[in-house]
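Scroll down for the structure; my scribbles are underneath it.
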Amino acid sequence: MKAKATLKQIAKELNVSVSTVSKALNDSPEISELTKIKIKEYAKLKNYKPNVIGLNLKNRKTKTIGVIIPNILNSFFAKVFSGIEKIADEKGYNVIMCISNESLEKEAHTLEMLSNGTIDGFILSVSEEAQKLHEYNHFKEIINDGTPIVMFDRIAEGVECDKVIVDDFDSALNSTQRLIDLGCKNIALFSSVDNLSVGKLRAEGYLKALEKNNMPVNENLIIRTDSEDDLKDKIKTVFDNNKIDGIFALEENDSVAALRIAIKKGYKVPEEISIIGFADGILASRRLSPSLTTVSQHGIEIGEVAAKLLIDRLESKEEDLPYETVVIKTKLKERESTRKL
């Protein structure tokens with residue numbers, strides 16, 4: 001039996017967008033007669049059969065939301081998912097969670113698979129690979145086909161959709177300022193998330209705080225990488241060759257590594273060195289001694305806001321509801337890793 005072609009396959013073969021194929025097959029006046037004939041004939045040749053479930057997307061409701069997270073081990077994403085599920089449950093929606101494992105291919109495949117009539121819309125955080133390559137066409141195709149997307153935390157610039165972000169730049173600026181106010185003169189920056197939009201914004205906030213306080217940038221104290229293992233090796237080198245009295249770490253695992261290596265190198269925390277980390281998982285706040293001062297991202301609130309945005313769009317009677325970008329303010333939670341004034 002001859003395999004059925006998909007809209008995406010037809011689009012790829014004819015070098016047009018999925019949206020163009022869909023509109024041509026549905027006799028949209030937006031598409032020229034010549035293009036319609038070409039696409040219809042090719043679809044017939046390739047045994048294309050429309051997905052009945054997927055038709056009339058605007059009128060159909062599965063009452064199911066697809067959630068795609070990049071990493072299941074990250075406590076922040078777990079908190080966001082908890083917030084999404086809470087609102088979805090209140091509004092009578094089911095949730096399907098998938099994990100991209102930071103892979104562009106898996107992310108794109110999941111979007112295509114679930115948008116074929118399984119879900120009404122997506123809530124997602126962009127994979128590391130997609131951000132590294134600046135490859136966002138798979139999101140645009142899904143949105144063009146009528147399936148709404150809400151992005152949170154890691155977003156794709158240039159993709160028009162609803163977004164929920166935290167104030168990464170300001171949070172980093174304020175955290176670095178706090179270390180300066182505590183008397184730190186040699187503040188290291190440790191990042192294993194430099195591929196990500198959030199990592200870049202946080203690093204910019206750190207640099208801005210130094211500039212505002214007329215403090216020189218010491219490149220020997222700055223590690224910006226995209227690998228946790230690479231970061232740990234480089235942290236040890238920084239400690240061996242430099243005097244440090246403050247650390248700003250841009251991700252939870254970076255914070256934990258910094259604290260553990262500082263103690264191993266003989267530093268007294270917080271008497272000799274103060275540490276602030278970005279994220280607020282159980283590991284940082286409860287299972288480390290001393291406990292870490294952290295930037296809390298309010299993951300549950302982000303999930304709740306994202307779910308409300310998506311459900312409001314799905315249930316809106318307006319055809320052209322304007323897209324929103326909601327900024328959630330972070331909070332610095334002071335614990336034992338920063339010295340008291």
Side-chain angles (χ1 to χ4, degrees), residues 57 60-103 106-128 130-131 136 138-139 142-143 146-156 159-168 171 193 196-198 251-252 278-282 295-316 321 323-331:
L57 204 60
R60 176 189 56 79
K61 288 284 181 282
T62 65
K63 299 287 278 188
T64 303
I65 293 168
V67 178
I68 307 176
I69 62 170
N71 181 350
I72 198 170
L73 299 176
N74 189 310
S75 59
F76 167 69
F77 292 126
K79 286 185 176 182
V80 174
F81 184 73
S82 170
I84 293 169
E85 210 168 33
K86 176 177 177 283
I87 298 301
D89 191 51
E90 287 174 7
K91 302 280 189 177
Y93 281 74
N94 299 308
V95 180
I96 295 175
M97 183 176 76
C98 298
I99 301 141
S100 68
N101 276 332
E102 306 290 8
S103 160
K106 192 164 185 190
E107 183 175 71
H109 173 72
T110 303
L111 280 167
E112 184 184 5
M113 179 181 67
L114 291 182
S115 65
N116 206 11
T118 306
I119 54 93
D120 292 338
F122 289 102
I123 299 172
L124 59 88
S125 191
V126 180
S127 68
E128 181 179 353
Q131 287 210 318
Y136 304 134
H138 52 305
F139 301 126
I142 295 298
I143 294 165
T147 304
I149 290 176
V150 176
M151 294 181 178
F152 70 89
D153 189 46
R154 306 180 198 171
I155 60 171
V159 176
E160 292 190 13
C161 64
D162 294 311
K163 294 165 185 171
V164 185
I165 56 174
V166 297
D167 54 339
D168 288 287
S171 301
V193 290
L196 306 178
S197 54
V198 292
E251 203 268 337
E252 184 163 23
F278 216 107
D280 195 27
I282 293 171
V295 180
S296 174
Q297 294 165 277
H298 301 299
I300 292 173
E301 185 184 349
I302 288 171
E304 290 177 355
V305 171
K308 283 173 184 169
L309 277 174
L310 181 59
I311 292 168
D312 284 350
R313 183 166 294 280
L314 290 170
E315 296 184 349
S316 172
L321 198 65
Y323 292 120
E324 283 186 65
T325 295
V326 180
V327 181
I328 306 293
K329 293 289 181 186
T330 58
K331 182 181 179 184

- Might you work through the side chain to side chain contact (heavy atoms under 4.5 Å, CB included) test for M151 and F122, ending with a clear yes or no? CA-CA 8 Å; M151 294 181 178; F122 289 102; over 6 Å; no
Between [atom1] on residue [X] and [atom2] on residue [Y], distance to nearest 0.5 Å:
X    : Y    : atom1 : atom2 : value
I142 : T147 : CD1   : OG1   : 6.0 Å
K79  : I84  : NZ    : CD1   : 14.5 Å
F152 : F77  : CZ    : CZ    : 5.5 Å
C161 : L310 : SG    : CG    : 10.5 Å
L309 : T325 : CG    : OG1   : 9.0 Å
S197 : D168 : OG    : CG    : 7.5 Å

- Note on the structure: With sequence neighbours left out, the residues meeting side chain to side chain contact (heavy atoms under 4.5 Å, CB included) with A306 are I123, V150, V164
- Message: With a 4.0 Å cut-off on N to O distance, would you call E90 and K308 a salt bridge?
- Response: no
- Query: Ion pair present between K63 and E315, side-chain N to carboxylate O less than 4.0 angstrom?
  - Reply: yes
Is a side-chain N or O of [X] found less than 3.5 angstrom from the main chain of [Y], in a donor-acceptor match?
X    : Y    : answer
E128 : E102 : no
S115 : E112 : yes
D120 : I65  : no
R313 : L321 : yes
S125 : I69  : no
N74  : F76  : yes
E301 : G83  : no
S82  : A78  : no

Smallest separation among heavy atoms of [X] and [Y], with atom names:
X    : Y    : result
S75  : E252 : OG-OE1, 2.9 Å
F278 : Q297 : CE2-CG, 3.7 Å
H138 : E107 : NE2-OE1, 2.8 Å
V126 : P70  : O-CG, 4.0 Å
L314 : P148 : CD2-CG, 3.6 Å
I119 : G66  : CG2-N, 3.7 Å

- Of V80, I87, V326, which meets side-chain contact (heavy atoms from CB on, under 4.5 Å) against V305? V326
- If we ignore angles and hydrogens, is there a donor and acceptor under 3.5 Å between the side chains of S171 and T330? yes
- Walk me through it: do Y323 and I143 pass the test side chain to side chain contact (heavy atoms under 4.5 Å, CB included)? CA-CA 12 Å; Y323 292 120; I143 294 165; 3.9 Å; yes
- Item | More than 12 heavy atoms of other groups within 6.0 Å of I72 CD1 | no
- Message: Taking NZ in K106 as the centre, count heavy atoms belonging to other residues, nucleotides or ligands within less than 6.0 Å. Is the count above 12?
- Response: yes
- Query: Are L124 and L111 side-chain neighbours, meaning at least one heavy-atom pair lies under 4.5 Å?
  - Reply: yes
